[in-house]
Amino acid sequence: MIKRWRPETHTFYLPIGEATIMLEDVEVLFGLPVDGLPVAYPHALRDYRGVHYLHMLQRLTDFQPTEETVLSGASRLQLTPVRHHLAAMDEKITNDSPAEDMDQHTRLLLLLMFDGVLFLNTSETLVILRFLHHLERLDDLPGYSWGATVLGYLYRQMCRACIGTQRDVAGFLPLLQVKT
C-alpha cells in the first residue's frame, strides 16, 4: 500500500481509481468521534521528560516502574513492566473495589489501548506516555475528537513510511484493511 500512497494528497492510487480514508469512514466504521475537543499536546507539557511522565503515571495509575532504565527517550516506557503491573492489578480488581482503584486500572488499560491499537508505533515494545494527560479526567474522554486524531496519526505514519524516514507503517491499521 505504501507504493500506492501519495503523501501530497493523502490518497491511494489504485488500479480502479483514487481512494482516501475520510473522517466519515473513521466515525461510521469504528465509532470514533470526529467532532469535539482537539486531542492536543498542552504547551505546559512540552518540557516534560521521562521523570515528569513517570510522576504523572504514578499519580494517575499508582504504577511506578522500579527502574528508570525502562524509559526510552523523553516520553516512552518499556511495555513489559506495564503489562506485569496490569496483570497484578487484574487479580485485585473486583466488583467491590474502590472507585479510585477502578479508575487507575482503567487508565492503565486505556494507555495500552492508545499505544497498542489507536496510535500504534513501530517499536512494539514501548508505550508512548504523551497521552497520559488525557486520562486525568476519564469522564472527558468521549468529548475528544479521537477519530480525527487517529486519522491524522495514520496519515503521518503513512507519509513517513512513503518518504523513507521510517521502515514500517504504524497507526490504526484497521482503517487500511477496511477501506482498501
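Counting begins at 1 with the first residue of the sequence. Because the structure is a prediction, the values reported are computed rather than measured. The basis for the numbers below is simple: all heavy atoms, side chains too, and nothing from hydrogens, waters or symmetry mates.
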Quiz item: Are L129 and L126 connected in the hydrophobic side-chain network, where two residues link if heavy atoms are under 4.5 Å apart?
Solution: no
Quiz item: Is a donor on one side and an acceptor on the other found under 3.5 Å between the side chain of S145 and the backbone of V34?
Solution: yes
Exercise. For the pair R4 (side chain) and L14 (backbone), establish whether a donor and an acceptor sit closer than 3.5 Å, ignoring hydrogens and angles.
Key: no
Quiz item: Atom OH in Y13, atom OG1 in T20: separation rounded to 0.5 Å?
Solution: 10.0 Å
Exercise. Quick one: pull up CZ in R130 and CG in L45 and give me the separation to the nearest 0.5 Å.
Key: 9.5 Å
Quiz item: Okay, side chain of Y155, backbone of I21: is any donor-acceptor separation there less than 3.5 Å?
Solution: yes
Quiz item: Taking the side chain as C-beta and beyond, is there a heavy-atom pair between L135 and L108 under 4.5 Å?
Solution: no
Quiz item: Would you say V26 and F12 are hydrophobically clustered, going by side-chain heavy atoms of ILVMFWY under 4.5 Å?
Solution: yes
Quiz item: Pairs in or reaching into residues 90-114: which pass ring-ring contact (aromatic ring centres under 6.0 Å, His included), with residues at least two apart or in two chains?
Solution: F114-F131, F114-W146
Exercise. Flag the pair E136 and R59 as a salt bridge only when some basic side-chain nitrogen lies within less than 4.0 angstrom of an acidic carboxylate oxygen.
Key: yes
Quiz prompt | Distance in Å, L86 CG paired with D90 CG, rounded so as to fall on 0.5 Å steps | solution = 5.0 Å
Practice problem: Calculate, to the nearest 0.5 Å, the distance between atoms NE2 and OH belonging to H55 and Y48 respectively. | Solution: 9.5 Å
Quiz item: Is it true that M102 and L109 fall in one hydrophobic cluster, defined by side-chain heavy atoms closer than 4.5 Å?
Solution: no
Quiz item: Just wondering, are more than 12 heavy atoms of other shown residues or ligands nearer than 6.0 Å to CD in E8?
Solution: yes
Quiz item: With sequence neighbours excluded, what pairs up with D140 under the side chain to side chain contact (heavy atoms under 4.5 Å, CB included) test?
Solution: R137, Y144
Quiz item: Looking at side-chain heavy atoms only, is the closest gap between E27 and L32 below 4.5 Å?
Solution: no
Quiz item: Any link between F172 and V28 through a network of hydrophobic side chains (Ile, Leu, Val, Met, Phe, Trp, Tyr) touching at under 4.5 Å?
Solution: no
Quiz item: Quick one: does D25's side chain have a donor or acceptor within less than 3.5 Å of a partner on M22's backbone?
Solution: yes
Practice problem: Please report the closest heavy-atom contact between P142 and P33, naming both atoms and the distance. | Solution: O-CG, 4.0 Å
Practice problem: Walk me through it: do L54 and Q64 pass the test side chain to side chain contact (heavy atoms under 4.5 Å, CB included)? | Solution: CA-CA 7 Å; L54 289 180; Q64 180 73 38; 3.8 Å; yes
Quiz item: Between the side chain of S97 and the main-chain N/O of N95, is any donor-acceptor distance below 3.5 Å?
Solution: no
Quiz item: Looking only at heavy atoms, what is the nearest atom pair of L60 and L132, with distance?
Solution: CD1-O, 3.5 Å
Practice problem: Kindly give the heavy-atom pair with the smallest separation between A148 and L23, and that separation in Å. | Solution: CA-CD2, 3.5 Å
Quiz prompt | Heavy-atom closest pair, residues H133 and P42 | solution = NE2-CD, 3.0 Å
Quiz item: Between D101 and K92, is any pair of side-chain heavy atoms under 4.5 Å apart?
Solution: no
Exercise. Please report the C-alpha distance between V39 and H134 in whole Å, then the side-chain angles of each, then the deciding distance to 0.1 Å, and finally whether the side chain to side chain contact (heavy atoms under 4.5 Å, CB included) criterion is met.
Key: CA-CA 8 Å; V39 178; H134 289 305; 3.3 Å; yes
Exercise. Only counting residues at least two apart or in another chain, list the ones meeting salt bridge (charged side-chain N to carboxylate O under 4.0 Å, His left out) with E18.
Key: none
Quiz item: Relative to the ring of W5, is the ring of H10 parallel (under 30°), tilted (30 to 60°) or perpendicular (over 60°)?
Solution: tilted
Exercise. Could you check F63 against Q104 for side chain to side chain contact (heavy atoms under 4.5 Å, CB included), going step by step and ending with a plain yes or no?
Key: CA-CA 9 Å; F63 169 63; Q104 291 171 345; over 6 Å; no
Exercise. With rounding to the nearest 0.5 Å, note down the distance linking CG in L154 to OG1 in T149.
Key: 12.5 Å
Exercise. Might you point out which heavy atoms bring T11 and A19 nearest each other, and give the distance in Å?
Key: CG2-O, 3.4 Å
Quiz item: Under the side chain to side chain contact (heavy atoms under 4.5 Å, CB included) criterion, do V117 and L112 qualify, and how do the steps go?
Solution: CA-CA 8 Å; V117 179; L112 291 181; over 6 Å; no
Self-check item: Exercise: identify the closest heavy-atom pair between R107 and T61
Solution: CB-CG2, 3.9 Å
Quiz item: Got F119 and I128 here, is their nearest side-chain heavy-atom distance under 4.5 Å?
Solution: no
Quiz item: Honestly curious: do I93 and V82 fall in one hydrophobic cluster under the side-chain, below-4.5 Å linking rule?
Solution: no
